[in-house]
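What follows is a single structure, written as structure tokens, with notes after it.
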Amino acid sequence: MSYLLALDAGTGSVRAVIFDLLGNQVAVGQAEWKHLSVENVPGSMEFDLDTNWRLACQCIHQALERAQLSPADIQSVACCSMREGIVLYDRKGDAIWACANVDARASREVSELKEIHDFRFESEVYDVSGQTLALSAMPRLLWLAHHRPDIYRNAATITMISDWLAAKLSGELAVDPSNAGTTGMLDLFSRDWRPALLDMAGLRADILSPVKETGTLLGAVTKEAAQQSGLREGTPVVMGGGDVQLGCLGLGVVRAGQTAVLGGTFWQQVVNLPQVRTDPQMNIRVNPHVIPGMAQAESISFFTGLTMRWFRDAFCAEEKLIAGRMGMDTYALMEEMASRVPAGSHGVMPIFSDAMHFKQWYHAAPSFINLSIDPEKCNKATLFRALEENAAIVSACNLAQISQFSGVNFDGLVFAGGGAKGALWSQILSDVTGLPVRVPEVKEATALGCAIAAGTGAGLYSDMAATGEKLVKWSREFTPNPAHRELYDGMMQKWQAVYADQLGLVDSGLTTSMWQAPGLVRSVAP
């Protein structure tokens, strides 16, 4: 049999995942990694190139060993990664500096860029690229020009982290649109670089690497990479892409109008747009899909999975012990308890992530509103259900914003990621949005999408989109409970009004924002 290898560089770990051609996961090797904070550089998160390459090779060896496969069994490999993370190379093609997606050192530079042309520059960047400055590469490049001119002067090429992995394997440097689109320097419409944006920002435009579409052949595993990784020399290396977009491919979300909610540490609500366009209100991010010619509207709910983990670890020690004795997951036990709480959670309103406002993005202080001192009504099960309901409400608000500017009317959505493991959460998402919700069997959608790209580039699949639709398998489907629709619509309206008031407390300096975008310009009372 033939097998495909996906090398997936996430924010917290790297994984090598092997699939057969039917989309079945055969083996995985995984290693956690940490990003480096530079002394006296607040917000810095540098990417350790040497250590992380060794960890990636370790994962490949581990996956091959667990699958009991020889290097010759791997017919093709592709790489995917967290978006926004960038790598710079010198003129010899050697990587000289990299940062992870969570790097936030360039807040001052974001403010400086926003002031260019009386704040019109950011609007021009968004209209072309679908990105704002807060998460883009230009402020980081400007920071290097200001603080590390030695690196900035020596930089000859820029890629994303997935492209760096592919270059380590093949010796070839290129970027794909789905990942490079998050730099804010790539034209959403032409799917190629827009050097004029760098010129306007006072940055060099001679560092832009070739653009190749996901699923096209990049090169082959070199002799050196074969010795380090355990792969066969000459194995095809294919262009991969961004994690969310490849995850959509692995879920079969490849046609215009299709919608997915990806429930992880952050939640993304992703909609395939019928035509490439941006949001006139600048609330929603727009990215190139891995499907050529297609763009995706993407909204983000902050820290949704992390909030659930905080609640579990801070308040549910007893439930963790009970779940351990019963041999079950703590979240599953909490969901079972929360399922006995009435819809609406007795009016408890969590204040964590706001709906997305890409242009002016910040959050209120984390809190629970409308608690009572009745232990029968206000307890851990109630708070847990309220958090699940709130995540669904934020997703529904974000989807409404996407529908407003895109004209897409949703007829259903795919729910994937860690959040989709819970039947209660899936049902709540269906009830709040009023949409049928399908949950896939695949647990590694991003890696599967990456493997599909690898197989397409090697000629093992004829078409990425058709293969994604063919290989996805469905585990469960949930339909809305009509009895809950009016209740949740009312909850959503109240929550939006309360959240606006909570932002007012942040603006007044009375509470502290959970998160705010780098370089955010807003008035705060003393």
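Inspection of the Asp73 and Ser70 side chains reveals an N or O donor paired with an N or O acceptor under 3.5 Å. Using modelled atom types and a 3.5 Å distance limit, the side chains of Gln30 and Ser13 yield a donor-acceptor pair. Under 3.5 Å, the side chains of Ser136 and Gln131 contain no donor-acceptor pair of N or O atoms. Looking at Tyr126 and Thr278, their side chains never bring a donor and an acceptor atom within 3.5 Å of each other. With hydrogens and angles left out, the side-chain atoms of Asp20 and Ser2 include no donor and acceptor closer than 3.5 Å. There is no side-chain donor-acceptor pair under 3.5 Å between Tyr3 and Gln75.
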Worked verdict on Thr304 versus Phe266 for side chain to side chain contact (heavy atoms under 4.5 Å, CB included):
CA-CA 5 Å; Thr304 307; Phe266 293 69; over 6 Å; no
Go through the steps to decide whether Ser129 and Leu186 satisfy the test side chain to side chain contact (heavy atoms under 4.5 Å, CB included), and finish with yes or no.
CA-CA 6 Å; Ser129 69; Leu186 189 121; 5.9 Å; no
Evaluate the criterion side chain to side chain contact (heavy atoms under 4.5 Å, CB included) for residue pair Thr159 and Ile86; output intermediate values, then yes/no.
CA-CA 6 Å; Thr159 76; Ile86 58 174; over 6 Å; no
Carefully, step by step, assess Gln401 and Ser299 under the rule side chain to side chain contact (heavy atoms under 4.5 Å, CB included).
CA-CA 9 Å; Gln401 290 190 127; Ser299 51; 5.6 Å; no
Test side-chain hydrogen bond (donor to acceptor under 3.5 Å, both in side chains) applied to Glu319 and Thr330, step by step
CA-CA 6 Å; Glu319 286 73 20; Thr330 306; over 6 Å; no
Please determine whether ring-ring contact (aromatic ring centres under 6.0 Å, His included) holds for the pair Phe302 and Trp361, giving the CA-CA distance in whole Å, both sets of side-chain angles, and the decisive distance to 0.1 Å.
CA-CA 11 Å; Phe302 259 65; Trp361 204 6; 5.0 Å; yes
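A donor-acceptor pair under 3.5 Å is absent between the side-chain atoms of Ser178 and the main chain of Gly241, judged by distance alone. Remark: side-chain polar atoms of His289 are not paired, donor with acceptor, to backbone N or O of Arg255 under 3.5 angstrom. Without hydrogens or angle criteria, Thr222 side chain to Ala225 main chain gives a donor-acceptor distance under 3.5 Å. At distances below 3.5 Å, not a single donor-acceptor pair connects side-chain atoms of Gln268 with backbone N or O atoms of Val244. Using a distance-only test at 3.5 Å, with no hydrogens or angles considered, a donor-acceptor pair links the side chain of Thr214 to the main chain of Gly240. Side chain of Asp8 to backbone of Val17: no donor-acceptor contact under 3.5 angstrom is found. For the pair Asp313 (side chain) and Trp310 (backbone), a donor-acceptor distance under 3.5 Å is absent. No donor-acceptor distance shorter than 3.5 angstrom exists from the side chain of Ser430 to the backbone of Gln427, with no hydrogens or angles considered. Panel note: side chain Thr446, backbone Asp243; a donor-acceptor pair is recorded below 3.5 Å. With Gln245 contributing its side chain and Val290 its backbone, the two residues share no donor-acceptor pair below 3.5 Å.
In this structure, the separation between CD on Glu46 and CG on Leu36 is 7.0 Å, given to the nearest 0.5 Å. Taken to the nearest 0.5 Å, the CG atom of Leu69 stands 9.5 Å off from the CE atom of Met1. Note that CG of Leu5 and CG of Leu64 are 7.0 Å apart. Values are rounded to the nearest 0.5 Å. Between the CD1 atom of Ile393 and the OG atom of Ser353 there is a distance of 12.5 Å, given to the nearest 0.5 Å. Atoms OG1 and CG, on Thr157 and Leu208 in that order, are 9.0 Å from each other to the nearest 0.5 Å. Separation of atoms CG (Leu471) and CG (Leu21) is listed at 9.0 Å; rounding is to 0.5 Å.
The one candidate from Thr259, Asn287, Asn272 that meets the side chain to side chain donor-acceptor pair (under 3.5 Å) condition with Gln296 is Asn272. Just one residue in the list Ile207, Ile151, Thr183 forms a side-chain contact (heavy atoms from CB on, under 4.5 Å) with Leu141, and that residue is Ile207.
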For residues 434-442, dump all side-chain donor-acceptor pairs below 3.5 Å to protein atoms at least two apart in sequence or in another chain.
none

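Summarising the geometry of Arg385 relative to Leu424, their closest heavy-atom pair is NH1-CD1, 3.7 Å, with the distance given to 0.1 Å. The minimum heavy-atom distance linking Leu218 with Ala166 is given by the pair CD2-CB, 3.7 Å. Residues Arg476 and Ala420 share a closest heavy-atom pair of NH2-O, 2.8 Å. The shortest heavy-atom contact between Ala16 and Leu7 is CB-CD1, 3.9 Å. Here the shortest heavy-atom pairing between Ser162 and Cys79 reads O-CB, 3.5 Å. The minimum heavy-atom distance linking Met294 with Val254 is given by the pair CE-O, 3.4 Å.
Within 6.0 Å of atom CZ in Arg309, 12 or fewer heavy atoms from other residues, nucleotides or ligands are found, so the atom counts as exposed in its surroundings. Around atom CD of Gln404, no more than 12 heavy atoms belonging to other residues, nucleotides or ligands sit under 6.0 Å away. In Lys34, the NZ atom is not crowded: 12 or fewer heavy atoms of neighbouring residues, nucleotides or ligands sit closer than 6.0 Å. In this structure, Lys320 places its NZ atom where more than 12 heavy-atom neighbours from other residues, nucleotides or ligands lie under 6.0 Å away. Applying the 6.0 Å contact sphere to CG of Asn409 captures no more than 12 heavy atoms from other residues, nucleotides or ligands. Under a cut-off of 6.0 angstrom, the local environment of CG in Asp411 is sparse, with at most 12 non-hydrogen atoms contributed by other residues, nucleotides or ligands. For Glu477, the CD atom is densely surrounded, since the number of other residues' heavy atoms within 6.0 Å is greater than 12.
By the 4.0 Å N-to-carboxylate-O rule, Glu444 lies close enough to Arg15 to be salt-bridged with it. Using a cut-off of 4.0 Å between Lys/Arg side-chain N and Asp/Glu carboxylate O, Glu213 and Arg191 are scored as salt-bridged. Ion pairing of Arg83 with Glu298 is present here, as a side-chain N (NZ or NE/NH1/NH2) and a carboxylate O approach within less than 4.0 Å. Salt-bridge annotation for Asp176 and Lys212: absent, with no side-chain N of the basic residue lying under 4.0 Å from a carboxylate O of the acidic one. Looking at Glu84 and Arg140, no side-chain N of the basic residue comes within less than 4.0 Å of a carboxylate O on the acidic one, giving no salt bridge.
For Asp48, the salt bridge (Lys or Arg N to Asp or Glu O under 4.0 Å) criterion is met by no residue, not counting sequence neighbours.
Separation of the Trp164 and Trp97 ring centroids does not fall under the 6.0 Å cut-off. The six-membered or imidazole ring of Phe415 lies near that of Trp267, with a centre-to-centre distance under 6.0 Å. Residues Phe352 and Phe303 place their aromatic rings such that the two centres sit no closer than 6.0 Å.
Phe384 and Phe311 have tilted rings, their planes meeting at an angle from 30° to 60° on a 0 to 90° scale. Relative ring orientation between Trp33 and His35 is described as tilted, the plane-to-plane angle lying within the 30° to 60° band.
Taking the side chain as every heavy atom from C-beta outward, Val102 and Thr11 approach each other to under 4.5 Å.
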